[in-house]
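Here's the structure, in structure tokens; my notes come after.
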Amino acid sequence: MNVQTQISTAYQDEIPNYRSEDDFITTITTARPQVRVMNPNSSWFKELEGRFNELTSLPRGWDGYNGIPVSFSCALFAGNLIERLCVNSLPAPQLVPMSDGTIRLEWHMNQFDIEVDVLGIYDVFACRTDLLSDEEDEIEVQMDFTELSNWISELATDRIGALAQVGG
Amino acid sequence: MQRPDHLPDFSNPPLDEVVLGVQFAPVPGYTSVHSLKVWELFQNEFPKIQEHPVLEPQFETFGGANVQAGPTIHVGAPPAGSRLWFLSDDENHLVQFQPSRFTTNWRRQANPQPYPRFEGLSEAFENNISKLAQHLASEFSYDMEINQAEVTYVNIIPVEEFSEAGDWFELWNGGEIEIEGLSTSFNEVIRGEDGKPFARLNHRIQSVFTVDGKNKAFSLSLSFKGKPHGSDVSSAMDFLKFGRDAIVTRFGKITTEKAHQHWGRTE
């Protein structure tokens, strides 16, 4: 008894092919959104959607040299990362394109600099500099964002204010 | 490959569908025109074709504040092309192909064929995926880089009333409640020996009706998804085997003794 005779149970998140209301039949290239968001959970991604569009549509040589646009796989994984890490009370990261098609997420606040390089699918390198102690931490991330998430939570701490309180 | 002794075994399990699949980095330069040559690889065994919408990339990730975060962001041009189903004559077996995924399904049909067991299904899948990988290497100079794998077992458990849930599932204690419908799902994060997460085991129980609406059943779906330790076919097969063990063991734990007797537990 296969009660689901019309569908396969594999990958049940499937979506129908996207079709815009006015399909273009000309071959003239027009600026069309590259990023499609289905029911985004995070305020960060809503805020950054336009920036993702911009970075994945960069012209070749955008940096004055041989820079290529941010690759779809890097943008896709960066989007996944942002959805998971989002803390609504914190500002969204700055998105910085790299000339090799990778993308960097940056936060600079409360005496922390955090730079997260998304180099590909399951390939992330993150670096945090503590400007108060001059300490640097580096981590490589594949699937588990827990440590990176802790860094983001710590970004919210007003450390200067806390130090002032301790100092009386 | 032999069935491991430690797994619970049943002479008449309620299994309705088994799915083994891998996702890989998209094949550069592939277009619909190339699909004929892909079908030719499998045509003898799977002579029928159906066309379905392509599936978007999906990644299992862990940690972070938003545990419900899902595969909701899609980057790149809207999906063009299609996902092809190549079906066996009796339609019990099929393989699905799109230039970033390869999947095989065994499903119970009106013409019941014996379930080839995981061992048979996975051996055939490994042969087929190796055939595909060789084809993509020779036609596109593409080295298949697998980034996710999945094994899913779907069981259909016919019931008179949904209030019988407690007879079948250990985790349900509905008491005297007259249940109109039941839908529940939960995930377990699976960790490796190093304590790091690498997969999820998703459990889904849902009350369903037969297509004619006359008969009730519970659908119990167990899915094991994640990233194999390497990106080659052999790593993916290890992952699928591990996932199958997790699913079958869990099936034995979350279903009742009474249910086991009904399905003819053989050990």
Side-chain angles (χ1 to χ4, degrees), chain A residues 1-20 32-42 45 49 52-53 56 70-88 120-122 141-150 152-153, chain B residues 16-17 19-21 23 25-26 52-80 82-83 85 94 96 101 103 105 107-110 145 147 150 152 154 156 158 196-198 208-211 215 217 219 221 223 226-227:
Chain A
M1 177 179 57
N2 191 296
V3 290
Q4 298 164 323
T5 51
Q6 297 307 308
I7 58 169
S8 158
T9 49
Y11 308 112
Q12 294 179 20
D13 58 315
E14 70 178 52
I15 58 158
N17 270 343
Y18 174 90
R19 184 178 288 274
S20 67
R32 300 173 73 177
Q34 298 280 8
V35 176
R36 291 161 292 124
V37 184
M38 321 276 287
N39 308 314
N41 292 315
S42 83
F45 199 87
E49 187 177 347
F52 268 108
N53 267 324
T56 50
V70 170
S71 74
F72 292 147
S73 56
C74 286
L76 182 69
F77 205 68
N80 190 306
L81 193 62
I82 285 169
E83 280 283 275
R84 280 211 158 257
L85 295 182
C86 177
V87 176
N88 286 327
I121 302 293
Y122 296 126
V141 179
Q142 289 193 335
M143 311 175 80
D144 186 2
F145 303 157
T146 305
E147 198 168 348
L148 197 47
S149 173
N150 292 339
I152 302 303
S153 302
Chain B
D16 199 57
E17 182 159 7
V19 187
L20 310 179
Q23 172 181 280
H52 292 267
V54 292
L55 300 172
E56 297 278 2
Q58 189 188 16
F59 304 103
E60 294 297 316
T61 53
F62 305 91
N66 303 305
V67 292
Q68 296 301 324
T72 52
I73 302 158
H74 306 296
V75 181
S82 59
R83 174 170 42 119
W85 285 18
L94 63 127
Q96 304 185 44
R101 293 198 195 218
T103 302
N105 302 49
R107 50 192 190 162
R108 194 180 295 279
Q109 292 286 283
E145 253 183 70
N147 54 40
E150 168 181 353
T152 294
V154 183
I156 296 294
K196 291 183 179 168
F198 70 97
V208 295
F209 290 87
T210 47
V211 177
N215 299 307
S219 164
S221 167
S223 261
K227 180 182 176 299

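Residue numbers begin at 1 in each chain, while the letters A, B, ... track the order of the sequences. Since the model is a prediction, treat every value here as computed from it, not as a measurement.
Across all their heavy atoms, A:Thr146 and B:Gly63 have their closest contact at OG1-CA, 3.5 Å. In terms of heavy atoms, A:Met143 sits closest to B:Glu60 at CE-O, 3.3 Å.
The distance between the ring centers of B:Phe59 and A:Tyr122 falls below 6.0 angstrom.
If you take OG1 on B:Thr61 and CD on A:Glu83, they are separated by 10.0 Å, rounding to the nearest 0.5 Å. Considering CD of B:Glu56 and CG of A:Leu76, their distance stands at 8.5 Å, rounded to 0.5 Å.
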